[in-house]
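Since the model is a prediction, treat every value here as computed from it, not as a measurement. The chains referred to below are lettered A, B, ... by the order of the sequence lines, with proteins before strands, and numbering in each begins at 1.
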Amino acid sequence: MDLSSLNPAQSRAVMAVEGPILVLAGAGSGKTRVLTHRIASLIETHDIFPSNILAITFTNKAANEMRERIEHLIGPVSQQMWVGTFHAICVRILRRDGDRIGFGNDFVIYDTADQKALLKVCYKELGIDDKRQPLKSTQYKISNAKNDMLTPEGYEKEFGGDFTERDFIKLYKRYQEKIKQNQAMDFDDLLLNTLLLFKEAPDVLAGYQQRFRYIHVDEYQDTNRAQYLLIKALAGKHHNLFVVGDGDQSIYKWRGADIRNIREFELDYPGAQLIKLEQNYRSTQYILDLANSVIKQNPNRKDKVLWTDRGKGQKAKYYKAYDERDEANFVVRQIKRLVREEGYRYKDFAILYRTNAQSRAFEDLLIVEQVAYKVVGGLKFYERKEIKDILAYLKLVVNPQDDVSFQRVINEPKRSIGGKSIEKLQMYAQERGLSLLEACGEPEAMALLSGKARQGAEAFYQIIGALKAKVDTAFVSTIFDDLMAQTGLITLYEQERTIEADARIDNIYEFKSVIDAFEQRNEAPNLRDFLAETTLRSDQDSIEDTDDSILLMTIHASKGLEFPVVFLVGLEENLFPSFRAADDPEALEEERRLCYVGITRAENMLVISHAMNRTQYGRYEARFPSVFLTEMDTACIDGIDPAGVEMPHKEKPKQSYFSIGKSSVAASKLVPKPMKPTEAAQTGSVENIDFVYKPGAKVMHKVFGSGMIISVNGSILTIAFDNKGIKKLDADIAPLKPIG
DNA sequence: TAATGTGCAATTTTT
DNA sequence: TTGCACATTA
């Protein structure tokens with residue numbers, strides 16, 4: 001094994017073989033390199049069988065990359081290793097041994113949309129009002145409960161005494177009954193059920209413990225409790241556990257990640273070796289110093305200071321934009337300039353923001369400017385309606401018990417089967433313990449339906465049946481083609497002749513190519529595995545750098561990626577950090593880590609910006625610069641004016657009070673002070689506001705058009721509109737603009 | 001049953 | 001502003 005390409009810390013990590021090992025890997029410090037070399041060295045130098053090695057990641061992309069890189073190092077013997085995401089590994093275990101706790105191996109996987117659909121049914125059956133117990137929060141609570149290894153029964157034991165939990169417990173119970181009945185598992189079930197399996201069948205666990213003598217976990221800081229326990233169980237015999245992570249990049253607490261897992265690793269695994277990787281190979285020193293200056297504001301972190309031998313590089317650039325359009329303008333101008341003058345390609349740039357909605361201003365401009373760009377995230381490919389519909393059909397083919405998928409597509413395309421017909425079917429099915437699809441196979445049930453609905457249901461049953469007959473022998477692509485022919489989905493979209501329908505057709509063909517790729521990749525491709533793989537796949541997995549486009553994404557989505565030039569935009573209070581972190585120190589720390597992640601994506605150049613005004617939820621508001629700007633070491637930034645970064649007052653108003661249109665004050669002026677328009681009206685002397693609501697002034701209203709103010713009473717304006725008569729409007733909320 | 005309107009809320013989303 | 005979940009109507 002050639003270790004000459006590794007630095008001392010990296011070699012130490014690679015050469016540490018036995019026992020628990022914690023590698024604290026700063027951003028860009030070559031952790032994948034360490035992981036792959038360590039695994040290769042286990043096999044090559046220490047003669048460990050590949051089949052004794054397990055490597056777990058969070059994304060398929062990371063798993064594939066790791067597998068490829070190891071294969072590159074040691075060749076195809078690496079195929080024997082288990083490399084995969086937590087969820088994929090659990091699927092594999094459950095398919096093999098799930099029968100020990102009563103699961104068949106043909107279960108389907110429900111994503112969050114399926115989960116939501118199933119929960120809706122539970123609400124309905126139990127007569128629980130989703131206004132009192134919002135569905136979103138139920139979904140969230142179920143997920144949390146499962147991540148904490150609390151089954152409905154366990155949850156009831158713990159919280160049953162609390163009457164406010166009664167509805168939730170009922171919902172959780174019913175949901176769990178139904179998901180089992182449907183032979184489905186949600187994402188969290190995959191972990192939970194694996195843990196239950198290990199608990200119920202110790203011999204099964206012992207088998208895996210024996211097999212996985214060397215266990216590796218990437219991004220350990222992002223593990224939740226269930227994942228933590230899973231690792232703990234598997235490593236319980238040999239204790240050869242090698243985890244890599246960075247507490248400073250823990251940005252998924254809200255998804256259940258427990259940063260204590262990494263912070264307390266040495267307590268959980270006594271005698272653990274600790275290795276810090278602090279040399280960074282990605283960024284220049286100015287960028288790292290800037291990142292360090294921000295992250296060091298977080299208390300309770302393991303101290304770690306990134307350094308590089310790449311040289312100082314250039315300072316970060318700073319831009320204070322007038323509003324989000326100005327910000328976009330600046331960014332796009334800079335990109336074009338760098339492409340023109342410094343030989344950059346468009347794919348060298350990433351625009352990173354806190355919320356998806358921020359992509360809009362950039363997209364609007366990039367379209368006009370005809371610059372190629374790609375937005376990562378937003379509506380995901382596999383969440384698109386047409387794709388989900390096809391997936392539901394296919395799931396139903398694999399698993400006739402899947403009532404959620406049945407309900408999704410029974411009337412897609414239209415088969416004249418509405419709520420009433422489904423209710424009849426449900427009634428019938430429930431009485432006899434059948435699934436909805438099975439009910440459609442019973443003449444007795446069909447007799448309950450009206451003519452049209454009956455024909456539709458029978459046709460539907462035929463289609464699924466015909467596909468099912470082929471499922472074990474035909475290619476997935478053949479089943480797909482049959483499905484399209486039988487349902488006429490493509491044809492129907494073609495007949496619509498709208499842009500949306502055309503896009504859907506494109507997506508369907510794209511989906512076909514996903515199937516083709518799956519078949520080429522696998523020796524024995526089958527529909528069941530295709531569905532699992534598809535459901536467990538994310539958009540992140542499909543980021544390619546093949547075409548020359550600017551990438552736009554949230555900072556979350558950028559984790560693990562790197563770009564020559566990064567624009568970190570929207571550094572404003574209540575946006576980044578999010579308003580939800582306002583009075584929660586821990587949440588603020590997580591936002592700060594997110595900021596750290598954003599900064600450390602940059603290789604050569606970092607540009608940070610914020611806007612003084614921003615349209616959000618249709619309101620144009622003044623903004624404060626982010627607290628993170630004040631934390632940044634100004635020695636690492638060009639063009640920042642420390643005096644210009646004026647922080648909010650202690651008791652800053654909850655909302656900004658600007659609702660007036662654009663002011664003519666130059667963008668270079670100081671941050672606007674918040675002031676109510678009504679106050680402005682009274683003092684009439686605020687330089688940031690060049691318009692004062694007073695009788696006689698002309699205004700333009702979004703809906704009512706132009707008019708003249710008759711009187712002002714506090715924030716209530718009485719306005720005579722030219723065409724719509726006299727109205728009383730609140731200056732704080734009405735979409736008003738001054739004219740003239 | 002299907003199509004259209006209305007009110008409400010509004011991070012991040014590795015699986 | 002956008003997206004959705006629902007309620008109403010044709």
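- Between the CZ atom of A/R614 and the P atom of C/dT1 there is a distance of 17 Å, given to the nearest Å.
- Spacing between atom CG of A/N224 and atom P of B/dT13 amounts to 18 Å, rounded to whole angstrom units.
- At the heavy-atom level, A/S421 lies under 4.0 Å from the strands shown only through sugar-phosphate atoms.
- Taking the side chain of A/T355 as heavy atoms from C-beta on, and the options B/dT12, B/dT14, B/dA10, the nearest nucleotide is B/dT12.
- Using P as the reference atom, B/dT13 and C/dC4 are 15 Å apart when rounded to the nearest Å.
- Across the protein-nucleic acid pair, A/D323 atom CG and C/dT1 atom P stand 16 Å apart, rounded to whole Å.
- Residue A/K452 is classed as having no contact, given no heavy-atom separation below 4.0 Å to the nucleic acid.
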Set out, line by line, the N/O atom pairs under 3.5 Å between protein and nucleotides 2-6 of chain C.
unit_1	atom_1	unit_2	atom_2	d
C/dT2	OP1	A/R360	NH1	3.0
C/dA5	OP1	A/K116	NZ	3.2
C/dC6	OP1	A/D130	OD2	3.4

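- Within the nucleic acid shown, A/N411 comes within 4.0 Å of sugar-phosphate atoms alone, with no base atom in reach, counting heavy atoms only.
- Annotation: cation-pi geometry satisfied between A/K180 and A/F103 (NZ/CZ under 6.0 angstrom from ring centroid, within 45° of ring axis).
- Residues satisfying the ring pair (Phe, Tyr, Trp, His ring centres under 6.0 Å) criterion with A/Y172, sequence neighbours excluded, are A/F168.
- Rounded to whole Å, atom C1' of B/dT14 lies 13 Å from atom CG of A/D188.
- Here the P atom of nucleotide B/dT14 and the CE atom of A/M553 are 12 Å apart, to the nearest Å.
- With sequence neighbours excluded, no residue forms a salt bridge (charged side-chain N to carboxylate O under 4.0 Å, His left out) with A/D584.
- Within the 4.0 angstrom heavy-atom criterion, no nucleotide atom of any strand lies near A/E383.
- By the side-chain hydrogen bond (donor to acceptor under 3.5 Å, both in side chains) test, A/D258 is found to be paired with A/R260, residues two or more places apart in sequence or in another chain being considered.
- When the nearest nucleotides of DNA chain B are assigned to A/G419 and A/T554 by heavy-atom distance, the more 5′-ward of the two goes with A/G419.
- For A/F242, the ring pair (Phe, Tyr, Trp, His ring centres under 6.0 Å) partners are A/H216, not counting sequence neighbours.
- For the side chain to side chain donor-acceptor pair (under 3.5 Å) criterion with A/Q616, the lone passing option out of A/R623, A/Q358, A/E572 is A/R623.
- Residues passing the ring pair (Phe, Tyr, Trp, His ring centres under 6.0 Å) test with A/Y175, sequence neighbours excluded: none.
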N/O to N/O distances under 3.5 Å, protein versus nucleotides 8-10 of chain C:
none

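- Looking at residues two or more places apart in sequence or on another chain, you find a ring pair (Phe, Tyr, Trp, His ring centres under 6.0 Å) between A/F628 and A/F576.
- When the P atom of B/dT1 is taken as reference, atom NZ of A/K424 falls 7 Å away, rounded to whole Å.
- Taking the side-chain hydrogen bond (donor to acceptor under 3.5 Å, both in side chains) definition, one finds that A/R282 meets it with A/E562, sequence neighbours left out.
- Scored by the side-chain hydrogen bond (donor to acceptor under 3.5 Å, both in side chains) test, A/R95 finds no partners at all (sequence neighbours excluded).
- Residues that satisfy the side-chain hydrogen bond (donor to acceptor under 3.5 Å, both in side chains) test with A/S405, not counting sequence neighbours, are A/D402.
- In this structure, A/L575 places its CG atom 11 Å from P of B/dT11, rounding to the nearest Å.
- With both ends at atom P, the span from C/dA5 to B/dT12 equals 16 Å, rounded to whole Å.
- OP1 and OP2 of B/dT12 both lie 4.0 Å or more from every side-chain N or O belonging to A/Y140.
- Heavy atoms of A/N356 sit under 4.0 angstrom from primed sugar atoms or phosphate atoms, though from no base atom.
- Residue A/L135 contributes atom CG, which lies 14 Å from atom P of B/dA10 at whole-angstrom precision.
- Contact check of residues 243-259 of chain A against DNA chain B (heavy atom, cut-off under 4.0 Å) returns A/Y252, A/W254, A/R255.
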Please step through side-chain contact (heavy atoms from CB on, under 4.5 Å) for the pair A/D389 and A/T487, ending with a clear verdict.
CA-CA 11 Å; A/D389 287 346; A/T487 57; over 6 Å; no
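- Ring centroid separation for the pair A/Y252 and A/H556 comes in under the 6.0 Å cut-off.
- Of the candidates B/dA2, B/dT1, C/dT1, B/dA2 carries the atom nearest the A/K414 side chain, counting heavy atoms from C-beta on.
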